[in-house]
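Each residue takes its place number in the sequence, starting with 1. Only a predicted model underlies this, so the values are computations on that prediction, with no experimental measurement involved. Both backbone and side-chain heavy atoms feed into the values below; hydrogens, waters and symmetry mates do not.
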Amino acid sequence: MKKYRINLNDLSKVSDPILEVYHCLDFDDANMSIEDLYERLIQINDTIVIELCQKSLINDELYQIINCFENVQQKNDKVYLIHEVD
């Protein structure tokens, strides 16, 4: 089982948050988009845990990423999402 920790507040400071998510998950960024991220996560066969950490408000683009992770978690029983808000 792999575990990934993504700090949403750090992501909000970068120019391309989706690219950072791809790098964090060790995905090739050739077809980088929310839709592609969703498709890649849906196809995961090994159990993974994605821990999202948030300490303050985030921008709308990051909410799209959160929604993507939540949708995947509902459809793939190998993907677990933990969303920690302080």
Side-chain angles (χ1 to χ4, degrees):
M1 173 174 60
K2 291 184 179 180
K3 184 175 180 181
Y4 302 95
R5 183 176 172 91
I6 300 173
N7 185 314
L8 296 172
N9 295 105
D10 288 346
L11 278 184
S12 68
K13 298 173 186 172
V14 299
S15 61
D16 194 347
I18 294 175
L19 176 63
E20 292 299 318
V21 170
Y22 271 70
H23 289 167
C24 179
L25 299 174
D26 297 322
F27 288 167
D28 174 27
D29 57 8
N31 297 317
M32 197 178 63
S33 69
I34 286 287
E35 294 81 11
D36 182 63
L37 177 62
Y38 175 84
E39 291 300 323
R40 289 178 189 220
L41 290 168
I42 281 293
Q43 296 175 14
I44 287 178
N45 293 321
D46 297 327
T47 302
I48 67 167
V49 175
I50 300 171
E51 184 178 358
L52 301 176
C53 303
Q54 178 181 345
K55 295 189 187 282
S56 62
L57 296 177
I58 55 175
N59 62 37
D60 290 341
E61 186 174 11
L62 294 180
Y63 282 113
Q64 292 177 344
I65 294 170
I66 293 169
N67 286 337
C68 175
F69 287 136
E70 288 174 347
N71 290 336
V72 168
Q73 179 185 358
Q74 292 175 5
K75 295 184 179 170
N76 184 339
D77 61 354
K78 299 289 185 180
V79 177
Y80 295 91
L81 180 66
I82 301 168
H83 189 173
E84 173 187 316
V85 180
D86 286 340

Query raised in the report: L11, I58: one ILVMFWY side-chain cluster at the under-4.5 Å cut-off?
Result: yes
Query - Verify same cluster id: I42, I50 (apolar side-chain graph, 4.5 Å) - result: yes
Report task. Applying side chain to side chain donor-acceptor pair (under 3.5 Å), run through N59 and S12 and close with a yes or a no. Result -> CA-CA 7 Å; N59 62 37; S12 68; 5.4 Å; no
Query raised in the report: Atom NZ of K75 and atom CG of L41: how far apart are they, to the nearest 0.5 Å?
Result: 13.0 Å
Requested in this report: Go through the steps to decide whether K13 and E20 satisfy the test side chain to side chain contact (heavy atoms under 4.5 Å, CB included), and finish with yes or no.
Outcome: CA-CA 11 Å; K13 298 173 186 172; E20 292 299 318; over 6 Å; no
Query raised in the report: Is the shortest heavy-atom distance from the side chain of K78 to the side chain of Q43 under 4.5 Å?
Result: no
Query raised in the report: If we only count heavy atoms from C-beta on, is the D16 to M32 side-chain gap below 4.5 Å?
Result: yes
Query - Distance-only side-chain donor-acceptor flag, D26 / Y4, under 3.5 Å - result: no
Query raised in the report: Is L19 reachable from Y38 through a run of hydrophobic residues whose side-chain heavy atoms are each under 4.5 Å from the next?
Result: yes
Query - Side chain to side chain, H23 and D29, heavy atoms closer than 4.5 Å - result: yes
**Report entry** Side chain to side chain, Q54 and H83, heavy atoms closer than 4.5 Å
**Finding:** yes
Query raised in the report: How far apart are the C-alpha atoms of D46 and M1, what are their side-chain angles, what is the distance that settles it, and do they pass the side chain to side chain contact (heavy atoms under 4.5 Å, CB included) test?
Result: CA-CA 7 Å; D46 297 327; M1 173 174 60; over 6 Å; no
Report task. Would you please test Y22 and D28 for side chain to side chain donor-acceptor pair (under 3.5 Å) and show each step? Result -> CA-CA 7 Å; Y22 271 70; D28 174 27; over 6 Å; no
Query raised in the report: Would you say the side-chain atoms of N76 pair up with the backbone N or O of V72, donor to acceptor, closer than 3.5 Å?
Result: no
Query raised in the report: Between I6, I82, V79, which is the residue that forms a side chain to side chain contact (heavy atoms under 4.5 Å, CB included) with F69?
Result: I6
Query raised in the report: Do N9 side-chain atoms and K55 backbone N/O form a donor-acceptor pair below 3.5 Å?
Result: yes
Requested in this report: Report yes or no: do L52 and V85 belong to one cluster of Ile/Leu/Val/Met/Phe/Trp/Tyr joined by side chain heavy-atom distances under 4.5 Å?
Outcome: no
Query raised in the report: So which heavy atom on D36 is nearest to which on S33, and how close?
Result: N-OG, 3.0 Å
Query raised in the report: Does Y63 belong to the same Ile/Leu/Val/Met/Phe/Trp/Tyr cluster as I18, with side-chain heavy atoms less than 4.5 Å apart forming each link?
Result: yes
Query - Heavy-atom neighbours of D86 CG exceed 12 at 6.0 Å - result: yes
Query raised in the report: To the nearest 0.5 Å, how far apart are CD in E39 and CD1 in I44?
Result: 12.0 Å
Requested in this report: Give the minimum heavy-atom separation between R40 and A30, together with the two atoms involved.
Outcome: NH2-N, 4.4 Å
Query raised in the report: Roughly how far, to the nearest 0.5 Å, is CG of L62 from CG of L57?
Result: 11.5 Å
Query raised in the report: How far apart are the C-alpha atoms of E70 and L81, what are their side-chain angles, what is the distance that settles it, and do they pass the side chain to side chain contact (heavy atoms under 4.5 Å, CB included) test?
Result: CA-CA 7 Å; E70 288 174 347; L81 180 66; 3.5 Å; yes
Query raised in the report: Between CD1 of I34 and CG of N67, what distance do you get to the nearest 0.5 Å?
Result: 8.5 Å
